[in-house]
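For reference, the structure is listed below as structure tokens.
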Amino acid sequence: MSASNENESNNFLETIIEEDLAAGRHDGRVLTRFPPEPNGYLHIGHATSICLNFGLGLKYDGKTNLRFDDTNPSTEETEYVESILSDVEWLGFKPANVFYASDYFPELYGFARDLIKKGCAYVDDSSAEEIATMKGTPTQVGVNSPFRDRSIEENLELFEKMKNGDFKEGTHVLRAKIDMASPNMIMRDPLLYRIKFAHHHRTGDTWCIYPMYDMAHGQSDSIEKITHSICTLEFVPHRELYDWMIDKLEIYPSKQYEFARRNLSYTVVSKRKLLRLVQEGHVKGWDDPRMPTISAMRRRGYTALAIREWAKRVGIAKRENLVDLGLLEFCVREDLNRLSVRVMAVLQPLKVTLTNFQEDKTEWLETENNPEDPEAGVRSLPFTKTLWIEQDDFMETPPPKYFRLSPGGLARLKSAYIIQCDEVVKDDSGQVVELKCTYFENSKSGEDTSGLKPKSTIHWVSAERAVQAEIRLYDRLFTVENPGTDDRDLLELINPESLTVISNAQVEPALAETNPGDQYQFMRLGYFATDPDSTPDHLVFNRTVTLKDTWKKVAGRN
RNA sequence: UGACCCAUAGUGUAACGGUAGCACUCCGGUUUUUGGUACCGUCAGUCAAGGUUCGAAUCCUUGUGGGUCAACCA
């Protein structure tokens, strides 16, 4: 039964579930659900909820439903349903069932009638403003609606007229009859049904009244016999109403538990704010790799395993939090280090001419695809008289501890030969444009008899054989850790360097065969994924995440 | 001038009332044809004050700090 092992501690939800199981509650079942509203794309916050709900289902030999909370036809669209379905699948989870709250509309309507019959609900003719005013404030009790004491018969008749479309939008609502003086604002006669002449993405024009969250969510849980209904902290005040409904309706006693949603540093996880970034064109779309949406992270090259591992490491609790983006990046590197093929790419090319290498000659050198995985095999690299190396890998006047190439110095070209820099060529402005070097023929990788000990190994590509590529370098979307939590407008906080495009990078010829979604480690630079925009004539790579760069840190201190 | 939720290293998260642990970060080191990876090590924490107890991160009280609640949204 309990899959918990002693090495891993339980979170508070696992503790609750294990107690329930031990006490034989819910017939020993565990049935959770992930209930997105199809009005936007899933983001990293949803990912934690998905991992939590499906993870609990898996851990306790239970099941997890995917249920679309589609009770508001004016904001919900099929496009979102489809993206959510594919995101959940991509993350690696299989719902036991895919349900829609809209499928329960007839049953929910029946529940509403039941409440009326029990004297627990009434039709209110007040306007939205009047209802808001009568609600009172957190520190001031509300007042009863003048329509609160209608007879059951009259309420039934009015509610049916609402359903039949006899009233205009906004003229009538169905409310629960609870307590206008409750310290919990949610319990002050909450709205249950409203009139909306809107086309629903699934039920079309069948209905013109739609249930509110509190009349739909918990009841849907009960219909499905959900055992543990897990939601975020903002729903804590709703739990009292959730339980009230179960009590009055005498339906399956699902239980609601709340956890604190995960906040990620340097980004926002609010549908409203993300929507704004998309609509105002600050990013190129929901799947712009700078976005914290699942589709964007996928495009950028984050793996599902990395995201799941991240969710596991972060854990779950009830306190406010701001998770360091660095942990997500750590998980991404960890997974990509394991699986990605190493290739060489030069982002800022500097020409190197090997003065003692034969003109027009190409020597093919062997290199391993992944040192972490011998099974990944080897491939060949063309080595020629002129090469590109990274501008950062040469310094005319190197600071102490700079190991790379400098005038008169040595460096190993990865999987090739040791070279020595003999001459620095500059243009009129003093810019270094070329290095004239000699290579040591007896220093070939794997059969080096030169006895030379260069202090570093650098990456390179053949200038004659390299392929040009566009590289998109991504950085954090915002300049501050917790954007959107003070008065400053979000737009002021957008990182102007969140995207840097390099159009003339030189990559090794093996990359000409790449396909969208392929992932690589560009040696010494980072992990990169081939973008969907990439074509054989115009290669495009997204930088998923950089490699850890100890030198950059050391150099930055000086 | 209300009700509810929360408070453990920089960050995140553990600890039947019984040695405050783990991960990331930071810092230092070993290995390395990636200044990557791997491995080793250091620094660092119970919001405060009372109370209960042989013993309190844990239970109680008060305070402090943070969050949530007044959409015909979910």
Side-chain angles (χ1 to χ4, degrees), chain A residues 7-11 35-37 39 69-72 74-76 124 127-128 131-133 135-142 169-175 182-188 191-196 209-210 212-214 216-217 231-240 258 260 262 265 271-272 310 312-331 333-334 337-338 342 344 367 371-372 401-404 411-416 418 445-446 448 454-459 481 521-526 546-555:
Chain A
N7 300 329
E8 280 179 24
S9 51
N10 282 344
N11 62 45
E37 182 188 9
N39 68 347
D69 232 339
D70 55 350
T71 57
N72 183 0
S74 37
T75 57
E76 295 152 7
D124 195 333
S127 68
I131 289 176
T133 307
K135 267 229 153 120
T137 69
T139 54
Q140 193 172 34
V141 300
E169 274 185 31
T171 58
H172 298 72
V173 290
L174 182 73
R175 299 178 72 179
S182 172
N184 182 354
M185 299 284 299
I186 300 296
M187 299 298 277
R188 319 243 266 228
L191 271 58
L192 268 22
Y193 263 91
R194 78 284 212 188
I195 299 168
K196 236 180 224 275
I209 56 170
Y210 292 92
M212 301 286 290
Y213 171 84
D214 292 303
H217 195 103
C231 59
T232 47
L233 248 29
E234 70 225 79
F235 292 99
V236 168
H238 292 256
R239 190 176 60 230
E240 192 179 351
E258 312 85 14
R262 317 325 302 190
S265 62
K271 274 186 197 170
R272 211 190 81 248
W310 174 79
K312 191 168 147 192
R313 286 183 187 244
V314 167
I316 214 72
K318 298 184 79 163
R319 58 174 153 158
E320 291 296 312
N321 60 79
L322 183 60
V323 183
D324 191 343
L325 175 62
L327 183 60
L328 214 205
E329 294 185 333
F330 170 84
C331 294
R333 288 190 188 104
E334 184 181 50
N337 175 56
R338 194 174 53 75
R342 273 63 171 169
M344 290 199 275
T367 189
E372 305 292 321
K401 292 190 182 165
Y402 183 85
F403 301 157
R404 283 108 94 151
R412 155 79 63 185
L413 297 178
K414 172 68 185 172
S415 295
I418 293 169
S445 207
D448 184 359
K455 277 186 292 187
S456 75
T457 299
I458 63 176
H459 62 277
E481 266 201 311
Q521 183 196 96
F522 286 2
M523 291 203 94
R524 305 207 304 133
L525 298 175
T546 61
L547 250 29
K548 262 181 69 180
D549 189 346
T550 307
W551 166 244
K552 190 176 169 189
K553 198 156 48 182
V554 172

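Every heavy atom of this structure was used, including side-chain atoms; hydrogens, water molecules and symmetry mates were not. Every chain is numbered from 1 and lettered A, B, ... according to where its sequence line falls, protein lines coming before strand lines.
In this structure, NZ in A/K318 is found 12.0 Å from CD1 in A/I316, a value given to the nearest 0.5 Å. To the nearest 0.5 angstrom, A/L413 atom CG is 8.0 Å from A/M344 atom CE. Note that the CG atom of A/D324 and the CD atom of A/E481 stand 7.0 Å from one another [nearest 0.5 Å]. Note that CE of A/M523 and NE2 of A/H459 are 9.5 Å apart. Values are rounded to the nearest 0.5 Å. Note that the CZ atom of A/R175 and the CG atom of A/L192 stand 10.0 Å from one another [nearest 0.5 Å].
Distance CZ (A/F403) to P (B/G35): 9 Å, rounded to an integer number of Å. B/U37 atom P lies 14 Å from atom CZ of A/R524, rounded to whole Å. When the P atom of B/A14 is taken as reference, atom NZ of A/K318 falls 12 Å away, rounded to whole Å. Atoms CE (A/M523) and C1' (B/G35) sit 12 Å apart, rounded to a whole Å. Rounded to a whole Å, the CG atom of A/L233 is 10 Å from the P atom of B/A7. Summarising the geometry, the separation between CG on A/N10 and C1' on B/G21 is reported as 15 Å, rounded to the nearest angstrom. Protein atom CD of A/E329 is 15 Å distant from nucleotide atom C1' of B/G36, rounded to whole Å. Atom CG of A/N11 and atom P of B/G12 are 17 Å apart (whole Å).
Rounded to the nearest Å, the gap between the P atom of B/G10 and that of B/C26 is 15 Å. As rounded to the nearest Å, B/C59 and B/A71 have P atoms that lie 35 Å from one another. Rounded to the nearest Å, the gap between the P atom of B/C40 and that of B/C22 is 12 Å. With both ends at atom P, the span from B/U68 to B/A15 equals 27 Å, rounded to whole Å. Taking the P atoms as reference points, B/C24 lies 9 Å from B/C39, given to the whole Å. With both ends at atom P, the span from B/C60 to B/C5 equals 12 Å, rounded to whole Å. Annotation: B/U62 and B/G2 have their P atoms spaced 13 Å apart (nearest Å). Annotation: B/G18 and B/U58 have their P atoms spaced 11 Å apart (nearest Å).
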Please tabulate, one pair per line, each protein N/O and nucleotide N/O from nucleotides 39-43 of chain B that are separated by under 3.5 Å, including the distance.
none

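Here the side chain of A/V236 is nearest to one of B/G36, B/A14, B/C5, namely B/C5. Nearest nucleotide to the A/V323 side chain, out of B/G36, B/G12, B/G35: B/G12.
For A/V236, the side chain to side chain contact (heavy atoms under 4.5 Å, CB included) partners at least two apart in sequence or on another chain are A/L233, A/E258. Among residues two or more places apart in sequence or in another chain, the ring pair (Phe, Tyr, Trp, His ring centres under 6.0 Å) test is passed with A/F330 by none. Under the side chain to side chain contact (heavy atoms under 4.5 Å, CB included) criterion, A/T133 pairs with no residue at all, not counting sequence neighbours. Here A/F522 pairs with A/F528, A/F541 under the ring pair (Phe, Tyr, Trp, His ring centres under 6.0 Å) rule; sequence neighbours left out. When the side chain to side chain contact (heavy atoms under 4.5 Å, CB included) test is applied to A/Q140, the partners found at least two apart in sequence or on another chain are A/T137. When the salt bridge (charged side-chain N to carboxylate O under 4.0 Å, His left out) test is applied to A/D448, the partners found at least two apart in sequence or on another chain are A/R412. Applying the side-chain hydrogen bond (donor to acceptor under 3.5 Å, both in side chains) test to A/E37 and every residue at least two apart in sequence or in another chain returns A/N39, A/T75.
If you check every strand for non-hydrogen atoms under 4.0 Å, A/I418 touches nothing. Looking at heavy-atom distances under 4.0 Å, A/L322 makes contact with sugar-phosphate atoms alone, never a base. Using a 4.0 Å heavy-atom cutoff across all strands shown, A/T139 reaches at least one base atom of the nucleic acid. Using a 4.0 Å heavy-atom distance criterion, A/R404 is classed as a base contact. Note on A/F522: nothing from the nucleic acid sits closer than 4.0 angstrom, heavy atoms only.
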Open item on the list: For a quick check, with a 4.0 angstrom heavy-atom cut-off, what is the B/S/- contact string for nucleotides 23-33 of chain B, read 5' to 3'?
Closed with: SSSSSS----B
- [ ] Produce a footprint string for nucleotides 60-67 of chain B: one letter per nucleotide, 5' end first; B if the base is under 4.0 Å from any protein heavy atom, S if only the sugar-phosphate is, - if neither.
- [x] -------S
- [ ] Encode nucleotides 69-74 of chain B as B, S and - characters from 5' to 3', where the letter depends on protein heavy atoms closer than 4.0 Å: B to the base, S only to sugar-phosphate, - to neither.
- [x] SB-BSB
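Side-chain N or O atoms of A/R194 include none that pairs as donor or acceptor with a backbone N or O of A/E169 at under 3.5 Å.
Across the interface with RNA chain B, nearest-nucleotide mapping of A/G315 and A/S456 shows A/G315 to be the residue nearer the 5′ end.
In this structure, the side chains of A/N337 and A/E372 come closer than 4.5 Å at one or more pairs of heavy atoms. In this structure, the side chains of A/L525 and A/L547 stay at 4.5 Å or more apart for every pair of heavy atoms. Side chains of A/R342 and A/T367 form no contact here, defined as non-hydrogen atoms less than 4.5 Å apart. Residues A/R333 and A/E329 form a side-chain contact, since some pair of their non-hydrogen atoms from C-beta on lies under 4.5 Å apart.
Under the 6.0 Å cut-off for aromatic ring centres, A/H238 and A/Y213 qualify, their centroids lying closer than that.
Surrounding NZ of A/K196 are more than 12 heavy atoms belonging to other residues, nucleotides or ligands, all under 6.0 Å away.
On a pure distance criterion of 3.5 Å, a polar donor-acceptor pair joins the side chain of A/Q521 and the base of B/U34.
With a cut-off of 3.5 Å on both pairing distances, the Watson-Crick and G-U wobble pairs of RNA chain B assemble into stems of 3 or more at B:2-7 with B:64-69, B:10-13 with B:21-24, B:27-30 with B:38-41, B:47-51 with B:59-63.
Residue A/S182 places none of its side-chain N or O atoms closer than 4.0 Å to OP1 or OP2 of B/A3.
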